[in-house]
Every structure is written in C-alpha cells, then in structure tokens.
Amino acid sequence: MINKYLQPYDPKEAEEKIYDTWEKSGFFNPNNLPGERKETFSMVLPPPNVTGKLHLGHADMLAIEDTVVRFQRMLGKKTLWLPGTDHAAIATQTKVEKILAKEKIRRHDLGREKFLEKVNEFAMDSQKTIISQTKRMGSSLDWSRLAFTLDDQRNLAVKTAFKKMYEDGLIYRGKKVINWDPKGQTVISDDEVVYEDRKAVFYTFKYSKDFPIAISTTRPETKVGDVAVAVNPSDERYKEFVGKTFEIENFCGTSLSIKIITDREVDPEFGTGALGVTPAHSKIDEKMAQDNNLPLKKVINEYAKMENAGDILEGKKISEAREIIVDWLKKEGLMIKEEYVNQSVSTAERSGAIIEPLPKLQWFIDVNKKFKLPSSKIDGIKSGDEIDLKHLMKYAVESGEVNILPDRFNKIYYHWIENLHDWCISRQIWYGHQIPVWYKNKDTEKEEIFVGIEEPKGDDWEQDPDTLDTWFSAGLWTFSTLGWPNETNDLKLYHPTDLLETAHDILFFWVARMILMTTYLIGEIPFKTVYIHGLVRDEQNRKFSKSLGNATDPLEMIEKYGTDALRMALLVAVAPGQDIKFNEDKVKAYKKFANKIWNIARFIYSSVEDFDYDNFDINKLTDFEKNILKSFDDLIIEITGEMKEYKLYLTSEKLYHFVWHELADKILEESKEALFDKTTPEDKANKQFMLLNLFEKVLKTLHPFMPFITEEVWADFPKKNKKLLLVEEWPIK
RNA sequence: GGGCGGUUAGCUCAGUUGGUAGAGCGUUGCACUGACGUUGCAAAGGCCACAGGUUCGAAUCCUGUACCGCCCACCA
C-alpha cells in the first residue's frame, strides 16, 4: 500500500504541488503539447478587471472554461486558452480616486502623470492577486501569452483600429447631447446608463399668463432652456398656434422665446398633449430642435448647476433650482396641476450619479454609415460589399457563424442592435488609451487634426486629452491578444477562436463590440460559439455585493473544501444562462465525492499489487467483465458528445453517478469476493483488470472537472509510459 | 410601453427529437467496521403553477391566466 493513501486526501497540499508540476511541464502552452496536433482549439479568457480580487462569478467562469479546455486538450487538439486582465478604465480610476480621497488627495492635485503612476501601481498589484487566484482555481491558461488591455501591444492595436475607422469615416467628432456623469465628470455610453424607478412629481403649468398652451414636466429647472413647444400635427386644439413664436419676458428671472412646432412623436393623449422642447438637455428634444432649425440653449453645466439662467437661478444646484421655479410658478398662479408619477431615472453605472444630458463635443462610432469591407469570410457578405456596422453585427449571428448558447440570447442580441445608436467612445478620464488624435490651433477656425499611430512631427501639436471607452480595447481582445495588427502565426492558427464563455451581463458591452470590431477590422467572426453562463447569487437569490456583505470568497471555499469540490459545485446541473443559487452544502457534498475517489484509489491500488496491468491478455475476460466495460464505454461515448456541445452540466452529473453508485457501490463491491481470493486466480485477475481499466477511464473523463485529485491519484496508477493526466488522451473520441 | 426567462419531491436543480418523472442535500428506518462513517442498503415524498387546446398519448408542442425575476425603451 502506498503510504499517502493511509491519510485522507488533503487538497491543500496536493493542489499547490500539482499546479506547479503542470506549469513546469509547459503544456499550458500549445506549442509544447506532445504528439502531432492538427486541429486547434482556442479561447480567450474574459479578462477580469484589475479593480480587486476574484469573486464566485469568476470562479464559475474559470471552472467552466478550464473544464472545456482540458477536455479539448485531451481530445488531442492544439489547445490555447489565453489569459489577460482588463484595465477597466472608469472602474479602476474611480477605485484609486477613492483610495486617494482617504488621504484627502484629488487626482488634479497630483497631475495626470503622477496620478497615472498611482493607478498603474494599483492595477499591476491587483493583476498579481488575480493571477494567483486564477491559478488556485486550477486554470490551465498559457501564462506565456498573458495580455493586458492597456499594455503596449494592445495600445498599438487600439491606435491602428482607431486610425482605420477614422479613415473610413466610421469615427467622427461631433457635438451632440450625450450622457454626462456629473460625479465622475465624464461622458458615458448608452450601455453604461442604468435606469432606476423613482417617484417624481409631474408638474403642469404655463410659462406665463399670456402663453396659450400648458405643458407638463418632471424637471421644471430645465424649462429655462426651452426654445419651443411641440404638439402633434393632428392635434386640433393647438392648430391655430403652430408656427407662431411667443416671447416670454419673465420666466423666473430670465426670458424665453418659444416657437410652437409640430412633431409626430408627440402623444396628444399624454399630459396636455404639448411638450416643452429643451434641446440642450434631452436627446429627443435635440432632434426636434434640429428638424425645426432651433438653437440649443444650454442652461445646466457639467457640475449639474444652472448657468445662463438669469439672476435668480444662476449657479444654483438643479435640485434648488427646481424648488425655486416651482415656488415661483405657484406664486405667479401659473401652476395648474401636480401629480405623483413613477419615473425611470437614468443613473451612471459606476458612480451612481443621476445622468445629466448635455451637449458636448465628443468622439463617436457611426453604426449606420456604409463602408466597403475589403475582405470578408462572413457568410452572406462578399469581399468588397458595402455595409454598415449594424448590419455587419447582425449578419455574423444571423448567418449562424456565431452561435449563441442558450439561443434565446440571439433575440436579445438582435433587439439590442435594432436599438443601437452611435457609440460615444471618448471619456474625460485619465486612465486608459489616450485618443490618438493631435490638434493644431484647437477650437479655432484654423484647427488642424492629425490621426495616427505616432505623434506627428513638428511643434504645436497637442494630443486629445481624453481616453477611450474601455470596451473599445476590449472589443479587439480575440485578435489583439494574438498579435494583431502584426500578421502573426498565432493569429493564423487560433483565430477565429472556438468559444467565448461569459456572463450575460456583458453581452452588449463586450460580446457585441467584439463582433463589431472583428468583423470590421479583419472580416472574420471573433468566435464560433458564445456560451452564456448565469450569475452566481446567494441563498436568498441576491447578487453578491460588498454593500450587502454577502460576498463569499472563493478562496475560503477552496481552503475549506478544495478546488475540485468548488468546481463541481459550480458546474453540476447548471444549465447555460441559468443563475446559480450558491450553497455551501453543495461544495461540501463534492468534497465528500473527492474523498470517495481517494478511497476507491486506495482500495483498487491495494488490491492489484500482485497484478500486471500492462501485460494482461484482454481475451481472458468473461462476458461479465466485458459487458461492464462496454456499458461504461457507451456512457463515455454519450458524454463525449455532450462535452463537444459544451453540456458540462449533464456530463458532470453522469460521471458523479457512475463513479459513486455504479463503480463504488456495485462493481467494486461485487468484485470483493474475487479480490479476496475466494474464487479462482483467473477470476481475480479479470476483476483486477476490469477495475483498473474502469478507473483509468474514470480518472481521464473526470479530469477536466476535478483536475487536482485525478492527477494526484493518476500518479500512482500502475501503468507504464504514463504522461501527466493533463495531456493523456481522452478514452474514446 | 415592448421583449425574455422561470414556476418539477421539504430545499437546490436536471429532464436531448412528446410515451404516465430524476439527481444532490435533507428526512425516516435498517445495516455495518478486511476502501471510505466524508460509509452502505432501503423507504417516504411530486395530479411537473393554473385553465383550455393539438395528440392514441404532454412536464415536454400551441393559446391564455397568475405570481416571481431579468433585459430593453428619447412618453415629455
């Protein structure tokens, strides 16, 4: 009996040692894999943000992905799983600003350069933590190809992409009403806006006694920025006023000039059927004003305070301004009605501040502009076709080249594309890829613009101070990590990638943007399959969050029960797209399972010490053993098919059941008589072979799910010419 | 306002192309110490949310209802 089996299985000790062995073997890098491997399998790791440490959601992601990767590697494919981290521009900058705030330091006190040093320091520190935690999960990632969304290679990719899009007219600079985050002091994209339901007061009033039409609003303070009142063209009530302009000399201390216009978007049934048009502070109003050639009147500034709003309101916070105007309207007898309504308020995802729509000069990606796609490998689009980004994104999925699992997410994806507006990509923060645009005589008549990879020669050029939305660089991830824009061997071999596995909350942020960037820049899809996993929630079905204090640290679970147990708890019977209600008892149960495997090993190994597995003649087996072996082979064929379709949640359950309730409870029990020499020597040998053969296949098929204990037990398997289980062959392909 | 998902044993969830339901945990009883007590054997427990429909037959397909959850949206 091998000594180590006298002790119970100690995951802690084994796991560290085994991961080390794997890493040193070099097999995480596909270049080093043994044998001839023609087919490839590649996947990028969705890069975790360098804002902190890993949570259970990451653990879930790593468990699923590592299991797939190990399976594919054992199938004999040249398998690449490429790691990286995401600089997560706004999130990381906000985090560091919070830390600095404790020392009463603001970023402007430090200056751009010093501040960025601090953020980098934090980011690299965080990256180190994340990498070590990722290793604890057993992830067989090729660390030699580690990438960071903000490193030099990725910066070159970003600049190259930006330049090409600019030259194709897909990136433009324009003044539009955007989502301004007054707390974060930056623009954010539509996708970073989160809607919250709140109660609000819906005021109905007239601008002045002489004004003929009453309007309604939840935001009276913006009304000093009104330039028009819009009514439905078919609305008989207001027909006589359409086209007229009314001068209001005093509206809470300022003057207004209001034209009556028509717009089909106005609902005659809603409110008074008349809408006060505030073009500078509402996207829909902006469009109405444009259609009617009316000016933009900005009355709220970047700090959410009133400006150009008359003596009474000037410099007031918007909440104060609202009260002042409401009081004034009442005092003047202009207020007609106050109602309580439910309103969905737009807030900034990161800072939580209420979004202030403001007109600003920003960089955008035009999703509707047609361009020529030089070379296309996408079904339904020929090289040289004219197309726009929206349709390109749609075709990639519609053609079936990108397959989203579960497929209900296809509909969600299409719906998002239909509602897609131009993507605002510039951010007024410091941490991120600085926009590769240089100006001469900025904001003057003589302004010159240079867009390029390198800073232009000559004096007087100043670079745009803004940085790019973090999802711009993340969108390039499948190919920037493989060396693009250089034509590398990796790019040829591993792109398009086979699988993208991620959570549904970043379907739009990331998955859609990757499809956009990849199809546009290299005319390929980024990945063949998208596997969407659910969110990990607590026992009360709440999201894990720091403020709730319910965050379960995956490392704590690993310490208590071992990585294999945690992986199984996150994998078994969890269908794609399905949220997981995390429960510690489940982890506990799989720790028991690990113990079971350990004891099966102990029993089998100690029962075959007098047996030569390598030189056994299979023809000696009786039908009894042959049938048992055959039935397990049938199971392997079944699960192999499932694994190829990424149905890990089915496979893991079936293997669990076979190992415990077939192999251990029945087959092993029924073999005892023979093993204890109570039958014949031939029968004993047959049983010894059968058990070893079953166990060999069990270890191999279970390895992707529970890599550590299977590798640990495999080390003692009585067979010559063994490799690491990591690179052993899958029993039936 | 539009769209999507869920509703299966006490709890957490599976259920491929329609053939009267499965797993883990929990519960109850029994067994047992020559792999494992982080054990074994066995049992109880479900008109598969509700109402219609298609079908020889539906948890599985169709329609509607209810409750829970999610996503999207420029109703001021």
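We name chains A, B, ... by the order of the sequence lines, and we start the count at 1 in each one. Note that this is a predicted model, so its numbers are computed, not measured.
For B:C30 and B:A21, the P atoms lie 31 Å apart once the distance is rounded to whole Å. Using atom P as the reference point in both B:G46 and B:G22, the two lie 15 Å apart (nearest Å). B:U54 and B:G64 have their C1' atoms separated by 15 Å, given to the nearest Å. Taking the C1' atoms as reference points, B:U65 lies 16 Å from B:G6, given to the whole Å. Of the P atoms belonging to B:A51 and B:U12, the separation is 23 Å, rounded to the nearest Å. Using atom P as the reference point in both B:U60 and B:U17, the two lie 13 Å apart (nearest Å). When the C1' atom is compared between B:A59 and B:G18, the two are found 10 Å apart, to the nearest whole Å. Annotation: B:C67 and B:U20 have their C1' atoms spaced 28 Å apart (nearest Å).
The listed nucleotides are B:A76, B:A14, B:C25; the one nearest the side chain of A:A589 is B:C25. Listed candidates were B:C25, B:A76, B:C72. Nearest to the side chain of A:V266 is B:A76. Between B:U16, B:C36, B:G2, one nucleotide has an atom nearer to the side chain of A:K647 than all others, and that is B:U16. The listed nucleotides are B:A76, B:C4, B:C72; the one nearest the side chain of A:I412 is B:C4.
A:I417 has its side chain out of reach of A:N419: every pair of non-hydrogen atoms, C-beta onward, lies at least 4.5 Å apart.
Between A:Y649 atom OH and B:A14 atom C1' the separation is 9 Å, expressed in whole Å. Atom CG in A:D197 sits about 13 Å away from atom C1' in B:C72, given to the nearest Å. Between the C1' atom of B:A76 and the CD1 atom of A:I261 lies a distance of 13 Å, rounded to the nearest Å. As a whole-Å value, the separation of A:K283 NZ from B:C75 P is 11 Å. Remark: C1' of B:A73 and CZ of A:F270 are 14 Å apart, rounded to the nearest angstrom. One can place CG of A:D190 at 15 Å from C1' of B:C71, the figure rounded to the nearest angstrom. Rounding to whole angstrom units, CG of residue A:N232 and P of B:A76 are separated by 17 Å. Summarising the geometry, the separation between CG on A:L650 and P on B:G15 is reported as 6 Å, rounded to the nearest angstrom.
Scored by the ring pair (Phe, Tyr, Trp, His ring centres under 6.0 Å) test, A:H415 finds no partners at all (sequence neighbours excluded). For A:F632, the ring pair (Phe, Tyr, Trp, His ring centres under 6.0 Å) partners are A:F658, not counting sequence neighbours. Take A:W714 and apply the ring pair (Phe, Tyr, Trp, His ring centres under 6.0 Å) test, not counting sequence neighbours, and it matches A:F717. Residues forming a side chain to side chain donor-acceptor pair (under 3.5 Å) with A:K287 (at least two apart in sequence, or on another chain): A:D291. Judged as a ring pair (Phe, Tyr, Trp, His ring centres under 6.0 Å), and not counting sequence neighbours, the contacts of A:F246 are A:F211.
Contact between the side-chain N/O atoms of A:Y195 and the OP1/OP2 oxygens of B:C74 is found at a separation under 4.0 Å.
A:K672 comes within 4.0 angstrom of a nucleotide base, judged by non-hydrogen atoms across all strands. No engagement by A:V277 is indicated, since no non-hydrogen atom pair under 4.0 Å with the nucleic acid exists. Residue-level contact check: A:L507 touches neither bases nor backbone, having no heavy atom under 4.0 Å from any strand. Across all strands shown, A:D267 has heavy atoms under 4.0 Å from base atoms, whether or not it also approaches the sugar-phosphate. Contacts of A:A664 with the nucleic acid, taken as non-hydrogen atoms under 4.0 Å apart, include base atoms.
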Give the intermediate values and the outcome of salt bridge (charged side-chain N to carboxylate O under 4.0 Å, His left out) for residues A:R350 and A:E192.
CA-CA 8 Å; A:R350 289 291 163 192; A:E192 287 162 290; over 6 Å; no
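Comparing A:R408 and A:K678, the nucleotide of RNA chain B nearest to each residue sits closer to the 5' end for A:R408.
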Walk along nucleotides 38-43 of chain B from 5' to 3' and tag each nucleotide B, S or - by protein heavy-atom contact under 4.0 Å, base first, then sugar-phosphate.
BSSS--
Validation: residues 198-206 of chain A side-chain donor-acceptor distances under 3.5 Å, sequence neighbours left out:
residue : atom : partner : partner atom : Å
A:R198  : NH2  : A:E196  : OE1          : 2.9
A:K199  : NZ   : A:N342  : OD1          : 2.8
A:T204  : OG1  : A:S216  : OG           : 2.9

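Stacking of A:Y656 onto the six-membered ring of B:A23 is not present when judged by under 5.5 angstrom between centres and under 30° between planes.
Between the side chains of A:N232 and A:Y238, no donor-acceptor pair of N or O atoms lies under 3.5 Å. A:E673 and A:T679 share no side-chain donor-acceptor pair at under 3.5 Å. The closest side-chain donor-acceptor pair between A:K697 and A:N693 falls under 3.5 angstrom.
For A:K654 against B:A23, a side-chain-to-base donor-acceptor contact under 3.5 Å is absent.
Every pair passing salt bridge (charged side-chain N to carboxylate O under 4.0 Å, His left out) that includes a residue from residues 684-693 of chain A is listed here, sequence neighbours excluded: A:D610-A:K684, A:E625-A:K687, A:D677-A:K684, A:D683-A:K687.
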Which dot-bracket string describes RNA chain B (Watson-Crick N1-N3 plus N6-O4 or O6-N4, or G-U N1-O2 and O6-N3, all under 3.5 Å; [ ] crossing; | other strand)?
(((((((..((((........)))).(((((.......))))).....(((((.......))))))))))))....
